[in-house]
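First listed ligand is number 1; within each ligand, the first listed atom is number 1. Nothing fancy with the numbering, it's 1 onward along the sequence.
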Amino acid sequence: MSNDPVVAIVGVTGAVGAEFIATMDRRNFRIGKLKALASARSAGKTLQFRGREIVIEELNENAFRDVDIALFSAGGSISRKYAPIAVQAGAVVVDNSSAFRMDPNVPLVIPEINAGRIRDHKGIIANPNCAAITALVPLWPIHRQNRIKRLIISTYQAASGAGAAAMEELVESTRASLNGEAYQPKVLPHPYAFNLFNHNTTVDPETGYNDEETKVIKETRKIFEDEKIAVGVTCVRVPVLRAHCEAITFECERPIGEDDVRKLLAGAPGVKIIDDRAGNYFPMPIDASGQDDVLVGRIRKDLSDPSGHSISMFVAADQLLKGAALNAIQIAELLPQRVMA
Ligand code: A2P
């Protein structure tokens, strides 16, 4: 009998589910047994893991018996129902949905920022929103040296954040458009090929903010443990397959220059600077796809703030990796169940 943990993946057939498997494999995550869970639609199908065929099982209330670590990425309502059941059965849950992120009893963790919070968990650890992770990984080394008091983010978010079916819709609708054929959107609310639109989450009729924007604001405050940081966000879905980009402008308490930011970010964990002005080469989704790091470039003075306290930059990160599966696996790697195995 192996002492390595039994790991369940809930949503194994989804876009993030596939990356959980690939990321664990790539990082030699030790696993005694893998339980592959999805809906009844997928039950009985098989997948390959480390040279073995694994049969996908239907998620049900008995699925977590003997499970040590459960990685969830099947949407908020599945997490709300089944994460407590998994905890009851003795598993530690790393949840990629938004269901528990703002629960004061649930740590919201980006390991490069607040790995120490993992110790506080009571069974569930939440993986932050992908747009929040993408911004906060490179902002943290700055914030901890020279507090960011105001932050403005505009996102360019890929199809992957809306799941495998949305990625397929982008490909299919682009093909249809090139062939001059009509295409009826099924997953996203608007035509996706050669278009962009407000993030496909509910818009608050009072404030005009969509849910994604609200998540970024609240999660930034929780992860930075700074309730006073002022955050303005605009979240937009763009026709890119799997990496998010963000234009970020931030204002610090003390003056800050471009070179200060470059120094703080050079060698910062999870960050790679791509900032070639002569070659006009900066972070792009095509370069971020398949990469673990958040790419950071276009680091420059914010000319709208002559006081010298503000910087603008442009970032790109793989939504499925650092924005989801990689961050969750990094958390799971730090769990005592695994360290002691
Ligand atoms: P399935 O493929 O069987 O529908 P994505 O985020 O890429 O859209 O993937 C969603 C994941 O969540 C898929 O693995 C999907 O499984 C899974 N899922 C959706 N609904 C359920 C459900 N009711 N029970 C278990 N898994 C579900």
Side-chain angles (χ1 to χ4, degrees), residues 7-25 34-49 53-65 67 69-87 89 91 93-101 124 126-134 157-173 185-189 192 199-201 211-212 215 235 237 239-244 289-290 318-329:
V7 175
I9 297 181
V10 180
V12 75
T13 51
V16 175
E19 294 301 332
F20 278 148
I21 291 199
T23 303
M24 287 193 300
D25 215 12
L34 178 68
K35 282 197 98 172
L37 302 169
S39 77
R41 293 178 288 277
S42 306
K45 292 182 187 164
T46 57
L47 57 83
Q48 292 294 320
F49 182 66
E53 192 168 75
I54 309 243
V55 179
I56 298 170
E57 297 169 49
E58 182 182 359
L59 174 65
N60 63 43
E61 302 194 353
N62 301 316
F64 299 98
R65 212 172 292 150
V67 169
I69 298 172
L71 305 169
F72 275 67
S73 192
S77 54
I78 297 289
S79 291
R80 261 186 292 277
K81 175 166 179 194
Y82 288 98
I85 293 173
V87 173
V93 169
V94 183
D95 181 32
N96 193 48
S97 83
S98 61
F100 302 100
R101 287 183 192 146
I124 302 175
N127 209 42
N129 168 276
C130 48
I133 295 176
T134 300
Q157 293 183 235
S160 54
M167 296 171 81
E168 199 178 311
E169 179 153 306
L170 175 57
V171 173
E172 290 301 313
S173 62
K186 296 183 243 348
V187 182
L188 290 163
Y192 204 5
H199 193 275
N200 52 295
T201 41
D211 273 353
E212 184 84 349
K215 286 175 195 170
C235 288
R237 190 73 76 190
V240 163
L241 267 183
R242 65 175 281 171
H244 289 354
S289 294
D318 191 321
Q319 184 277 329
L320 292 176
L321 292 178
K322 189 57 194 166
L326 171 64
N327 197 74
I329 300 295

Student: Determine yes or no for a side-chain-to-main-chain donor-acceptor pair under 3.5 angstrom, with R101 supplying the side chain and N96 the backbone.
Tutor: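 Yes, the answer is positive, given that a donor and an acceptor are paired below the 3.5 Å cut-off.
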Student: Identify, chain by chain and in numerical order, each protein residue with a heavy atom under 4.0 Å from an atom of ligand 1.
Tutor: G11, V12, T13, G14, A15, A38, S39, R41, S42, L59, S73, A74, I78, G163, A164
Student: Quick check against the 3.5 Å criterion: does E57 have a side-chain atom that pairs as donor or acceptor with the backbone of A63?
Tutor: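 It does not hold such a pair.
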Student: Could you tell me which residues satisfy ring pair (Phe, Tyr, Trp, His ring centres under 6.0 Å) with Y82, sequence neighbours excluded, listed by chain and number?
Tutor: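 Residues passing ring pair (Phe, Tyr, Trp, His ring centres under 6.0 Å) with Y82: none at all.
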Student: Do L59 and K81 have side chains that approach each other closer than 4.5 Å (heavy atoms only, starting at C-beta)?
Tutor: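 No; the side chains remain at least 4.5 Å from each other.
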Student: D95: which residues meet the salt bridge (charged side-chain N to carboxylate O under 4.0 Å, His left out) condition with it, sequence neighbours left out?
Tutor: none
Student: Can you name the side-chain contact (heavy atoms from CB on, under 4.5 Å) partners of A36, sequence neighbours left out?
Tutor: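 Testing A36 for side-chain contact (heavy atoms from CB on, under 4.5 Å), a comparison that skips the adjacent residues, returns V12, L47, I54, I56.
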